[in-house]
Protein chains: 2
Amino acid sequence: MISKRLSELRKKRQWSLQYIADQLNIAKSTYAGYESGYRQPSLEAVKELATLFGTTTDYLLGVTNDEQPTIELTNAAFHMTVDGEPLTEDEIIQLIAFIRTKRELEKHKK
Amino acid sequence: MISKRLSELRKKRQWSLQYIADQLNIAKSTYAGYESGYRQPSLEAVKELATLFGTTTDYLLGVTNDEQPTIELTNAAFHMTVDGEPLTEDEIIQLIAFIRTKRELEKHKK
DNA sequence: AAAATTGTTCGCGATTCGCGTACCTTTAAT
DNA sequence: ATTAAAGGTACGCGAATCGCGAACAATTTT
């Protein structure tokens, strides 16, 4: 799974194997091994690759299929901030209501 | 890092080494090695551990420090949904404005 | 078409894995 | 209090896997 993800991400960015190897300070053949599935990257390498590609380790490992995670706001199983300030329970509720109301209005406009 | 995280999460849940070992189908000593730092789990094991603990691999690996990720809404580097429907760019902008305005009003109320 | 860059594969030595085992500590049962 | 059971820690062993360098093919650049 990770080999597929790495290969996709690298090609999308048009980066060479050598470039990535240089960024992580590993041999080209080592990184090539990750993509071919011949080798598995260390946990440390996985972290660095996620950072380099601007994605999450969950995506690289295939825990999730979203390169940028998708968040369902009605499941408050996570924390949100605006301008660094955490949202309160109430604010989240109002926010969801705001979106729902707006959508309801749009629907009738048609 | 991962050893520290695993240890914390397990203790918080009051699970035994054996219990986790059974869940992942590995030897108790193998999992114990993860917590002591004597061994590193395979990528597959990391995935399963994240699922078992209901957290993310990013947290286990120390990419993030939030067991439940914190999302800054003004960085739209991710996707959001309400009732399964993705939010549009505009909706996000309005939503942030909504929160900011509300906070501004609160401030003056005091 | 020659040179340079990129990508693929593989053998080697070194490292690290997972397991079983042994042992100590803590908890539960009698 | 004594014993049994369960939880936790440490380590040796054989097997598996790592990272690297090297050799070579494929592609791109000059």
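Order of the sequence lines fixes the chain letters, A, B, ..., with proteins taken first and strands second; residue numbering starts at 1 for each chain.
- Between the side chains of B:D22 and B:Q18, at least one donor-acceptor pair of N or O atoms lies under 3.5 Å.
- Side-chain contact check for B:E104 versus B:R100: every heavy-atom pair is 4.5 Å or farther apart.
- Of the side-chain N and O atoms in B:R39, one or more sit less than 4.0 angstrom from OP1 or OP2 of C:dC17.
- Using a 4.5 Å heavy-atom cutoff, the side chains of A:R103 and B:E91 are in contact.
- Across all their heavy atoms, B:I20 and B:R10 have their closest contact at CD1-CD, 3.4 Å.
- Sorted by residue number, the members of residues 9-29 of chain B with any non-hydrogen atom under 4.0 Å from DNA chain D read B:R10, B:S16, B:L17, B:K28, B:S29.
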Requested in this report: Given side-chain contact (heavy atoms from CB on, under 4.5 Å), test A:Y31 with A:L49 step by step and report yes or no.
Outcome: CA-CA 10 Å; A:Y31 177 74; A:L49 286 165; 3.9 Å; yes
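- Here the P atom of nucleotide C:dT15 and the CD atom of A:E44 are 19 Å apart, to the nearest Å.
- Between A:Q40 atom CD and D:dG19 atom P there is a gap of 10 Å when expressed in whole angstrom units.
- Checking A:D58 against A:T64 by side-chain atom types alone, no donor-acceptor pair falls below 3.5 Å.
- Proximity of residues 30-38 of chain A to DNA chain D (heavy atom under 4.0 angstrom from any strand atom) is restricted to A:T30, A:Y34, A:Y38.
- Inter-residue side-chain proximity for B:T56 and B:Y59 is flagged as met; some heavy-atom pair is nearer than 4.5 Å.
- With hydrogens and angles ignored, the 3.5 Å screen pairs a side-chain donor or acceptor of A:T51 with a backbone N or O of A:K47.
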